[in-house]
Amino acid sequence: MDNFCWVYDANTISGDVSLKNMFKKIKYYLKSLTLYELIIGLGLTGRYFFSKKITIQYPEERTPQSPRFRGLHALRRYPNGEERCIACKLCEAVCPAMAITIKSEMREDNTRRTTQYDIDLTKCIFCGFCEESCPVDSIVETRILDYHGEERGDLVYTKEMLLKVGDKYEDQIAKDRKEEESYR
Amino acid sequence: MENIFTQLPEIFSTTLWTILKIMAIVIPLMISVAYLTYFERRVIGFMQGRLGPNRVGYFGLLQPIADALKLMFKEIIHPTKSNNLLFLLAPVLTIAPAFAAWAVIPFDAELVLSDINAGLLYVLAMTSIAVYGVIIAGWASNSKYAFLGSLRSAAQIVSYEIAMGFTLVGVLMCANSLNLGEIVIGQSGGILQWYIWPLFPLFIIYFISAVAETNRAPFDVAEGESEIVAGFHVEYSGMAFAVFFLAEYANMILVSMLAALMFLGGWLSPFDFFPDGIVWLLLKVAFLLFFFLWFRATFPRYRYDQIMRLGWKIFIPITIFWIIFVGFMMQTPYREMFH
């Protein structure tokens, strides 16, 4: 008998010479000879040819995002313009990728403020621990997911850059925090 | 136009005129090959619930041109210790027969480059030569993957040519001629006179063999990505690769054209009240080409031994049986069905 795999069905029923098996065998051969299964397959792809396409055309269309989305970082300010960050360095301590570098000193009004707040986005794993650890809701992760750097070091975001992001998207950030407030 | 030709010596004018006629076939052919690649990506995309290329130009219509430009500017890499002459000869040997076979294709009752008596034989001979390109490409690449791919490809092309040849014998018996134009004229008188009806099994086998012959899915073991990367042209890049690509698609169009001529009445219209014309031929070819794309979107690749089994143990016996059947029927009062 054939050793070929695709006649597996016929192989398993060969050897048995009963009438029932004869019919089974004939039926199988007729089925494969008329390309029955292949035509069924063509019908399936033929149907999909006319189906609705699920492609999302990215720059023009975007997928829905959760308010908890963890994208690009931002540093927030209070409504009066004062920066929230108090340089407690909890985020730096909790960061599993050690992507955050903070240096701080006393400002003239005797408050502790950061002089340097760098996030190396090439190291960051976007876990959101920094946001979770922040006692004053200063460092947050926004919904921004498409940003790029063109030279080495472009993806190390400094304090100024992070504050700028925060200023620009404050409305969206505040709205998302408010929405999630009851779960935190 | 006529003045130029009459002023030149006859040998020049004939040559020039022939070259112009060749250009009139080759340039539209190149364009249709380019757009066949576009439609392939588009159709397969649609069948997978995607959109396919739609960015370059309206609906992505400039995509093939962008692809061609990209390939032109890429470097042609010569593998170490490969045979340079043969390495570059192989793509030429693949594409030349794919184009040369078009010489005898009748596009209309009058539109044929060279109306030779043994047109069908010529086409078969030309498509057979293509296998040399495959073998040489595999050998000259100095790569085991390319070599294995070319061996598979060659064996497959050679074995399916037999089944393909036998199906054409059926057509010859019906048409009593090897001239492609006469084969088409033998089918005149509406859709019911086409050879597809008396030779239906042969048509199916011809078409499946054509898919195997052009190394298209599901018979594309030659380029089985999972085992041998890309088959015989794995070492080719840039334009050398593009030429192989062109040849594959030109061959697809060629075998579809042959199927349309021999089984679907060529340029003849299916109903008496429509005029005959090249439009019908192109429609039929486009219809058959769609099936190539449809197959590729539907079927998983055959295993190598399955391909050999299908070719030798199923197709050849069925074709031989049907040829004998047709011959027998021709001796009976039903011979009108087989003209």
task = To the nearest 0.5 angstrom, please state how far the CG atom of A:Leu145 sits from the CD atom of A:Gln65.
result =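 Separation between the atoms: 5.5 Å.
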task = Give, as side chain, backbone, both or neither, the part of B:Leu293 having an atom under 4.5 angstrom from any heavy atom of chain A.
result =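 Neither part, no heavy atoms under 4.5 Å.
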message = Which atoms of B:Ile44 are under 4.5 Å from chain A, going by heavy atoms: the side chain, the backbone, both sets, or neither?
response =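 Neither; nothing under 4.5 Å.
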message = Can you tell whether the side chains of A:Asp167 and A:Arg77 come within less than 4.0 Å, N to carboxylate O?
response =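 So A:Asp167 pairs with A:Arg77 through a salt bridge.
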inquiry  = Tell me whether B:Tyr35 contacts the main-chain N or O of B:Leu61 through its side chain, where contact means a donor paired with an acceptor under 3.5 Å.
reply    =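 Side chain of B:Tyr35 to backbone of B:Leu61: a pair is present.
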inquiry  = Taking atom CG as the centre, does A:Leu30 end up with more than 12 heavy-atom neighbours from other residues, nucleotides or ligands that are less than 6.0 angstrom away?
reply    =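 Result for CG/A:Leu30: enclosed.
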key: A:Leu38, part contacting chain B, at a heavy-atom distance under 4.5 Å   =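 For A:Leu38, the contact with chain B is made by backbone and side chain together.
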